[in-house]
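Whatever order the structure lists ligands and atoms in, that order sets their numbers, starting from 1.
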Amino acid sequence: MKDRLVLGIETSCDDTSVAVVAESGRILSSVRINQDKIHEKFGGVYPEFASRAHIFNIIPCVDEALEKSGVTVNDLEAIGVTSGPGLVGSLLVGINTATALGRSWQKPVIGINHLRGHVRSVELEEAEITYPSLMLLISGGHTMLCFMQSRDEFSVLGETRDDSLGEAYDKVGRMIGLSYPAGPMMDKLADSGSPTIKFPRPLLREGYEFSFAGLKSSVRRYLEKNPDYVQEDVAASFAASVIDILSFKLEKAVQEFAPKGIIMVGGVAASPPLRKVVQDLCDDHQVSLFLPPIKWSTDNAAMIALATFDYLNQGIDSPPTPRYRLPVNAF
Ligand code: KG4
Ligand code: ZN
C-alpha cells in the first residue's frame, strides 16, 4: 500500500522548519534553519527578530524540503502547520505560508498543536509508543507530566508553576556565561564537574507540579557569594537537582499509575545524562522508555507532519489560527 505523505511546517519559536513525512513515520526530507546566532546575545529568543528571520527562511525551507523529498506537490495529501502554542508573530509566518501554499496547490491546511507534535516525535522513523504511558514534556516553553491512556485520552498530572525546565537551563547557563540555547553546553560542563553545591529541589515531595524559579534564584545567590565559582561544578550541581526532581516525580507516578512506558519529549529530553537516568528508572521498574532520537527532540517540522495524520484520520477540522496558549488538556 502506498504511504500517504504530508508537508509539515513549524515556526512556533526560533527554528524555521519544513518536512515531508509519510504516515509510517518515514522522513523523506527535513530542513531546519536555526536562529541561534541571532538570539544568542540576548540570552533568549527575541520575538520580533524571530518572526523576521522566519519570513526570510520559510520559502527557501519549503523549496529545499520538496526538492530533497524527491516527490512532487501532487503526491502530498495535506499541509500541517503548527498553530500553537508559540510566539504569535512566529506562528503567523508559518500559518500564512501554509495557507497561501494550500490555496495555490489546492491542498487542505490543518493547524497542529505543537505539544502533540512533540509526543509524536518519538514515532518518527521507527518506535511505536505503547499506552498507557506517562508523558514528560520538557522544553523551552513547557514542563508537564501527563498520564496518557491513549494518544487522544490523557490527564495532565502537573505543570510548572513558573519557569519551564528549558528556560531554567538557558537562564542558569546565561548566569555562568554561556550563550543561548545553553542546554547542550550545560550538559558538557556538568560532565566534567562534581555536584558538590547543594541547590534546592523545589516541590520535590509535593505532587506532580514543578517549580524552577527558586532553583534559578538559588544559583544566582550562590554565584554572587562565590565569584570564583567553578563553572563545571555549578552546571553539575544544577543538573543533579533537576535529575532528582524529575526522577522523584516519575518514580512516584510509575508507582501510582502502573504505566507500560515513559515517554520523554521536548528539547531538554535531548540531554544525555537525563536520558540515562530515566532509562535506569525504566529498567528498575520494567517499563519501556520512549524517547525521540536526539535530533528530533528539539523543535522540528517532521513531528508536526506526523501529527497531521492524527487529525486527517479522525477528520478533525483544525483551522490554522495562531494561538499563544492552548488549553493544556487539548492536544
Ligand atoms: O523543544 P524545544 O526545541 O523548544 C520548545 O518547544 O520550547 O526546546 C528548547 C530547549 C532550550 O531551552 C534548550 O536549552 C533545551 O531545550 N535543550 C537542552 C538540550 N538541548 C536543548 N537542555 C538540556 N540538555 C540538552 N542537551
Ligand atoms: Zn517545542
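In summary, the atoms of ligand 1 found under 4.0 Å from a heavy atom of His114, numbered by their order in the structure, are 6 (O). Those atoms of ligand 1 with a heavy atom of Gly166 less than 4.0 angstrom away are 12 (O). Every atom of ligand 1 with a heavy atom of His118 under 4.0 Å away is listed here by number and element: 1 (O), 6 (O).
For Met186, no heavy-atom contact with ligand 1 is shorter than 4.0 Å.
Among the candidates Ile243, Leu204, Leu203, the single residue satisfying the side chain to side chain contact (heavy atoms under 4.5 Å, CB included) test with Phe248 is Leu204.
Counting all heavy atoms, side chain and backbone alike, Leu246 lies closest to Phe210 at CD2-CE2, 3.7 Å. When all heavy atoms are compared, the tightest approach of Ile138 to Leu165 is CG2-CD2, 3.7 Å.
Remark: ligand 1 and Gly141 share an N or O pair separated by less than 3.5 Å (distance only, no angle test). Distances between N or O atoms of Pro272 and those of ligand 1 include no value under 3.5 Å. Every N/O-N/O distance between Tyr169 and ligand 1 stays at or above 3.5 Å. Note: no N/O pair closer than 3.5 Å links Asp15 and ligand 1 by distance alone. At least one N/O-N/O distance between Gly140 and ligand 1 falls below 3.5 Å. The N/O atoms of Glu167, backbone and side chain alike, include none that comes under 3.5 Å of an N/O atom in ligand 1. Considering both main-chain and side-chain atoms, Asp299 comes within under 3.5 Å of ligand 1 through a nitrogen or oxygen pair.
Looking only at side-chain heavy atoms (C-beta outward), Met135 and Ile129 stay at 4.5 Å or farther from each other.
For His114 and Glu10, the side-chain atoms include at least one donor-acceptor pair closer than 3.5 Å. Judged purely by distance below 3.5 Å, without hydrogens or angles, the side chains of Asn57 and Gln35 never pair a donor atom with an acceptor atom.
Remark: minimum distance from atom 11 (C) of ligand 1 to any protein heavy atom is reached at Asp170 OD2, 3.5 Å. Scanning the protein heavy atoms around atom 26 (N) of ligand 1, the nearest turns out to be Asp187 OD2, 2.8 Å.
Salt bridge Arg120/Glu123: present, at least one basic N to carboxylate O contact under 4.0 Å. The pair Arg174-Asp170 does not meet the salt-bridge criterion, since no charged nitrogen lies less than 4.0 angstrom from a carboxylate oxygen.
Ring orientation note: the planes of Phe257 and Phe147 are close to parallel, at an angle under 30° on the 30°/60° scale. Relative orientation of the Phe49 and Phe42 rings is tilted, given thresholds of 30° and 60° on the angle between their planes.
Within the protein, the number of N/O/S atoms found under 2.8 Å from the Zn ion (ligand 2) is 3.
Put simply, part of Pro184 is less than 4.0 Å from ligand 1, judged by heavy atoms.
Hydrophobic cluster membership of Leu92, counting Ile, Leu, Val, Met, Phe, Trp and Tyr whose side-chain heavy atoms lie under 4.5 Å apart directly or via other members: Val88, Tyr324. In the hydrophobic clustering, where aliphatic and aromatic side chains (Ile, Leu, Val, Met, Phe, Trp, Tyr) are joined below 4.5 Å either directly or transitively, Val31 stands alone.
Screening residues 57-66 for salt bridge (charged side-chain N to carboxylate O under 4.0 Å, His left out) gives Glu64-Lys68 as the qualifying pairs, with residues at least two apart or on separate chains.
Looking at Gly267, Ser164, Ala168, Gly183 and measuring to atom 21 (C) of ligand 1, the nearest heavy atom belongs to Gly267.
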